[in-house]
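Just the heavy atoms: all of them, side chains too, but no hydrogens, waters or symmetry mates, feed the values below. Residue numbering restarts at 1 for every chain, and letters A, B, ... go by the order of the sequence lines.
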2 protein chains.
Amino acid sequence: MADVARSAGVSTMTVSNVINGRPRVGAATRERVLAAINELGYQVNLAARHLRAGRTGVVGLAVPELERPYFGQLASRLADRFEAQGLRIVMERTGASREGEMDAVAFSRLRMYDGLILSVVDIDPAELAQIRTDAPVVMIGERALPSGFDHVMMDNVDGARQATAHLLATGARRIAMLGGDPTGSANMPALRAEGYALAHTQAGVPMEPDLAVRCRFRLQDGYDEVRRLIERGIGFDAVFALTDLVAIGALRALADAGLRVPDDVQVVGFDDIDEAPYLVPSLSTVNPGHEEMADAITALLLAQLNGGGPTRDPQELIVPAHLIRRGTTKPVD
Amino acid sequence: MADVARSAGVSTMTVSNVINGRPRVGAATRERVLAAINELGYQVNLAARHLRAGRTGVVGLAVPELERPYFGQLASRLADRFEAQGLRIVMERTGASREGEMDAVAFSRLRMYDGLILSVVDIDPAELAQIRTDAPVVMIGERALPSGFDHVMMDNVDGARQATAHLLATGARRIAMLGGDPTGSANMPALRAEGYALAHTQAGVPMEPDLAVRCRFRLQDGYDEVRRLIERGIGFDAVFALTDLVAIGALRALADAGLRVPDDVQVVGFDDIDEAPYLVPSLSTVNPGHEEMADAITALLLAQLNGGGPTRDPQELIVPAHLIRRGTTKPVD
DNA sequence: TTGAAAGCGCTAACAA
DNA sequence: TTGTTAGCGCTTTCAA
């Protein structure tokens with residue numbers, strides 16, 4: 001900028017004024033400055049501007065994995081909303097690890113982002129609470145954490161309960177659950193497992209431990225675990241997959257085994273990803289309230305941004321989930 | 001930092017040394033500084049550090065849409081590679097618009113990113129060439145552009161040719177093409193359309209203009225266009241979808257119409273997204289060389305980063321594509 | 001309408 | 001081992 005100023009025979013301040021389109025600059029001066037900028041190929045240094053301004057205009061979205069459809073679709077919804085406010089959304093991954101998640105918080109604390117939306121998976125609630133940050137942060141995804149952060153959750157328990165209840169109502173009695181994590185307590189698999197158990201209790205149907213299979217959230221995992229159930233001769237008449245991706249893998253394994261969906265085995269997923277209605281048969285799944293979540297996240301973060309940090313008491317919001325009945329489940333009798 | 005220094009009774013330089021783990025600091029001093037940091041809740045300001053260092057350790061990946069599986073999966077591959085080099089990948093969207101793409105370049109030029117990977121869709125080649133930037137940039141996605149940037153492409157023409165040739169070899173004679181853009185010349189749809197045409201010419205099979213349908217790359221578009229073809233009574237015995245997402249939409253429309261795949265209508269997609277092998281029937285598609293592209297992109301960008309900019313002549317790389325035969329196509333006789 | 005001075009928070013280079 | 005100085009590139013404030 002100093003070069004430009006020198007070349008145009010003005011002060012850096014005038015250059016700054018021209019660049020930022022501030023009014024009180026003479027036309028001739030402006031011309032000269034613009035010419036110099038052009039000639040020298042000058043470009044603003046944002047790092048410096050941010051240092052000065054104390055803000056970046058960027059909102060970070062940190063998710064476990066960049067390739068999970070759910071997160072891509074969430075990012076897209078958030079980007080729509082934040083762009084309308086003149087803010088950029090950038091997405092990065094934490095690798096679903098404690099470190100990655102702490103890193104993301106650190107990164108935003110460190111003023112690269114004006115605000116951060118963090119999908120927490122592996123971080124310890126106690127550890128979270130310890131983080132001292134005055135940077136705007138909204139947490140998403142898991143259950144109520146005693147963390148002191150704004151927090152938007154989907155209703156994992158009730159969504160899973162609805163899915164399982166529907167399967168039971170359509171006559172299923174042996175429902176395999178793919179992805180349940182019997183160990184954790186506040187994490188997503190545990191919550192969805194809770195809903196699965198709740199529906200069984202409410203319907204007075206006993207659960208079979210062999211049918212609760214722990215697995216990760218990839219296509220391959222759903223496929224492998226269903227195959228394994230079949231090979232082990234463990235009979236089941238329905239599958240509740242903890243994510244749609246797992247459900248897609250399961251559907252493939254069922255087809256390979258010659259089992260018809262939904263006649264022999266019904267399937268319900270969770271997430272209602274964009275692809276769900278287009279599968280053959282179309283996937284019944286739990287819609288976690290996509291638009292409402294995006295709205296809530298946006299509103300909470302904007303409130304913090306405008307308020308200069310987490311001034312209010314931390315908000316906790318649970319967005320209602322609802323079951324979408326499609327082709328992989330039978331109609332209720 | 002000054003506060004910390006004052007509180008610990010040392011200079012800011014010593015604080016800096018402690019924070020960055022530099023060796024020559026007395027143990028007692030270090031303790032005192034750490035205590036002060038802790039007590040004051042001090043956090044480094046990265047904007048300042050970047051201003052100083054002239055680099056950010058971040059590589060930007062700008063793609064048309066965050067929710068397209070292809071890009072999520074590409075991002076994941078790139079993140080693996082760059083993280084191994086101690087660099088963060090952050091992903092943002094351009095909206096497939098000229099402005100968005102120019103913005104992305106501007107943003108990186110402006111030193112928010114050490115380097116940028118840009119998936120170009122809508123930007124004008126001439127305009128691109130004009131951009132004066134000494135920031136490391138690698139372009140991906142489209143055909144050779146006279147742009148002066150490093151550029152990694154998939155082999156759109158040959159991939160489409162292989163897909164179409166396979167359909168012709170299995171007996172298909174009326175192949176609908178979904179997504180072809182008859183107008184553009186250097187863009188992806190046009191290139192894939194070129195491969196489609198080439199295969200017809202080589203096989204001596206005439207093309208039917210009604211079968212080349214222009215559409216966008218969403219699930220819904222594939223669905224709508226196939227429905228429309230059927231409603232208009234335009235017969236076809238195969239579909240070449242310009243992306244896998246479009247293919248998935250098409251498969252759904254075929255199923256709705258009671259057409260069996262691959263017996264009545266064969267289908268081939270393009271991209272080989274992770275979901276393709278898990279569909280029922282599994283999707284035959286063109287693998288554009290995922291790993292090779294990620295390797296090439298990483299190598300080119302790292303070379304620029306280490307060389308301090310685009311010092312070499314710009315490189316252009318075309319990664320070979322290959323057809324993956326799965327369940328939506330018939331075996332060759 | 002324009003400019004000079006000061007400082008955002010950090011660290012390289014050098015001095016003590 | 002620790003401290004001083006200077007400056008990265010920008011913009012706010014105040015003066016001309």
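- Comparing the end axes of the helix from C:dT1-D:dA16 to C:dA16-D:dT1, each fitted to five base pairs by superposing C1' atoms of four pairs onto the next four, gives an inter-axis angle of 40° (nearest 10 degrees).
- Listed pair B:Ser16 / C:dT11 meets the phosphate criterion, a side-chain N or O lying under 4.0 Å from OP1 or OP2.
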Give me the distances for all protein-to-nucleotides 14-16 of chain C N/O pairs that come in under 3.5 Å?
none

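- Partners of A:Tyr70 by ring-ring contact (aromatic ring centres under 6.0 Å, His included), not counting sequence neighbours, listed by chain and number: A:His290.
- Residues that satisfy the side chain to side chain contact (heavy atoms under 4.5 Å, CB included) test with B:Arg6, not counting sequence neighbours, are B:Ala2, B:Asp3.
- Residues that satisfy the side-chain hydrogen bond (donor to acceptor under 3.5 Å, both in side chains) test with B:Arg68, not counting sequence neighbours, are B:Glu65.
- OP1 or OP2 of D:dG3 has at least one side-chain nitrogen or oxygen of B:Thr14 nearer than 4.0 Å.
- Remark: A:Ala294 pairs with A:Arg77, A:Leu78, A:Arg81 by the side chain to side chain contact (heavy atoms under 4.5 Å, CB included) rule, at least two apart or across chains.
- Distances shown here put every side-chain N or O of B:Arg52 at or beyond 4.0 Å from the OP1 or OP2 atom of D:dG7.
- Within the 4.0 Å cut-off from OP1 or OP2 of C:dA12, at least one side-chain nitrogen or oxygen of B:Arg22 is found.
- Residues passing the side chain to side chain contact (heavy atoms under 4.5 Å, CB included) test with B:Leu302 are B:Phe82, B:Gln85, B:Leu87, B:Thr298, B:Leu305, B:Asn306, sequence neighbours excluded.
- Screening residues 8-18 of chain B for salt bridge (charged side-chain N to carboxylate O under 4.0 Å, His left out) gives no qualifying pairs among residues at least two apart or on separate chains.
- Every side chain to side chain contact (heavy atoms under 4.5 Å, CB included) that A:Val319 has, sequence neighbours left out, goes to A:Val152, A:Glu292, A:Met293.
- With sequence neighbours excluded, no residue forms a side-chain hydrogen bond (donor to acceptor under 3.5 Å, both in side chains) with A:Thr243.
- Salt bridge absent: B:Arg88 and B:Asp114 never bring a charged side-chain N and a carboxylate O closer than 4.0 Å.
- Side-chain nitrogen and oxygen atoms of A:Arg49 include none within less than 4.0 Å of the OP1 or OP2 phosphate oxygen of D:dG9.
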Between the protein and nucleotides 13-15 of chain D, are there any N/O to N/O pairs under 3.5 Å, and if so, what are the atom names and distances?
none

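- Contact between the side-chain N/O atoms of A:Asn17 and the OP1/OP2 oxygens of C:dT1 is not found at any separation under 4.0 Å.
- Listed by chain and residue number, nothing satisfies the side-chain hydrogen bond (donor to acceptor under 3.5 Å, both in side chains) test with B:Thr94 (two or more places apart in sequence, or in another chain).
- If you take CE of A:Met1 and C1' of C:dG3, they are 14 Å apart, rounded to a whole angstrom.
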